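Some notes on the structure that comes next.
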Amino acid sequence: MEKGKIEQFWQKPAQVVAPALLGRWLCRRGRGGKVTRLRIIEVEAYCGPRDRASHAARGMTPRTRVMFGPPGVWYVYLCYGVHWMLNLVTGPQGYPSAVLVRGVEGVVGPGRLTRRLKIGKAFDGQACTSGAGLWIEGREETPMGWRRRRGPRIGVDYAGKYWAGKHYRWWLEAE
DNA sequence: TAAGTGATCTCT
DNA sequence: GAGATCACTTAA
């Protein structure tokens, strides 16, 4: 992703950015500068302070601070004391929203994904750039042999019928 | 199906 | 400080 572009796709609302991430490459620079590129195949959108499924629904806290900041930044937090969750903060600027990266090709599950790519707290608040060692490349795409799906988010029943029922999860399914 | 796990948040 | 909660995974 080029730096300095006037308009980055992640400046749009989370529910626009999320499906636009499908098919792009999640890139991680490992030890020795070796880069791993994995295609993003599952995402969820968390949309603003009114979204009761979002951490931002209860206002800004030390943990959720980066969600309230500029887009194009990683929001990483620990879930259930074990699993790191990887999110990309989206726009509009200052509007707390993010996209959870739930799966890439070959690694399904948000906790497995971060474990595989060695992603932890260190990336929280870091920009999504190659310089940071974790970034996104490529274009939105539905590759041959895959089809696009959409449905409700996972694990957010506590958010109430309205928000839990929102179809804010998008994924690619092998045909 | 349920336990593990520990940071985070909401009460005292 | 204590207690509840939690955007999950694994083993059974």
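Predicted model, so just to flag it, every value in this text is computed and none were measured.
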Rounded to whole Å, please give me the gap between [atom1] in [X] and [atom2] in [N].
X: A:Arg116; N: C:dT9; atom1: CZ; atom2: P; answer: 13 Å
X: A:Arg58; N: C:dA7; atom1: CZ; atom2: P; answer: 8 Å
X: A:Tyr158; N: C:dC8; atom1: OH; atom2: C1'; answer: 12 Å
X: A:Met85; N: B:dT5; atom1: CE; atom2: P; answer: 16 Å
X: A:Tyr77; N: C:dT5; atom1: OH; atom2: C1'; answer: 13 Å
X: A:Arg153; N: C:dA7; atom1: CZ; atom2: P; answer: 11 Å
X: A:Leu78; N: B:dT8; atom1: CG; atom2: C1'; answer: 10 Å
X: A:Arg52; N: C:dT5; atom1: CZ; atom2: C1'; answer: 15 Å

It should be established whether [X] places a side-chain nitrogen or oxygen under 4.0 Å from OP1 or OP2 of nucleotide [N].
X: A:Arg115; N: C:dT9; result: no
X: A:His55; N: C:dA7; result: yes
X: A:Arg112; N: C:dT10; result: yes

Could you give the distance from CD1 (A:Ile40) to CH2 (A:Trp25), rounded to the nearest 0.5 Å?
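The CD1 atom of A:Ile40 sits 10.0 Å away from the CH2 atom of A:Trp25.
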Take N1-N3 plus N6-O4 or O6-N4 for Watson-Crick, N1-O2 plus O6-N3 for G-U, both under 3.5 Å. Which runs of 3 or more such pairs involve DNA chain B?
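Runs of three or more consecutive pairs: B:1-4 with C:8-11, B:6-11 with C:1-6.
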Check the angle between the aromatic planes of A:Trp163 and A:Tyr168 and answer parallel, tilted or perpendicular using the 30° and 60° thresholds.
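Tilted.
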Identify whether NZ of Lys or CZ of Arg in A:Arg28 sits under 6.0 Å from the centre of the six-membered ring of A:Phe123 and within 45° of that ring's axis.
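Output no; distance or angle outside limits.
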Going by centres under 5.5 angstrom and planes under 30 degrees, do the aromatic ring of A:Tyr80 and the base ring of B:dG4 stack?
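Check failed, A:Tyr80 does not stack on base of B:dG4.
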Using a heavy-atom cut-off of 4.0 Å across all strands, would you classify A:Arg169 as base, sugar-phosphate, or nothing?
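Since no nucleic acid heavy atom lies under 4.0 Å of A:Arg169, the category is nothing.
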Over all strands shown, is A:Arg63 touching base, sugar-phosphate only, or nothing at heavy-atom distances under 4.0 angstrom?
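The answer is sugar-phosphate, as A:Arg63 gets under 4.0 Å only of primed atoms, P, OP1 or OP2.
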Transitively linked via ILVMFWY side-chain contacts under 4.5 Å: A:Ile119 with A:Val108?
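The answer is yes; both residues are in one hydrophobic cluster.
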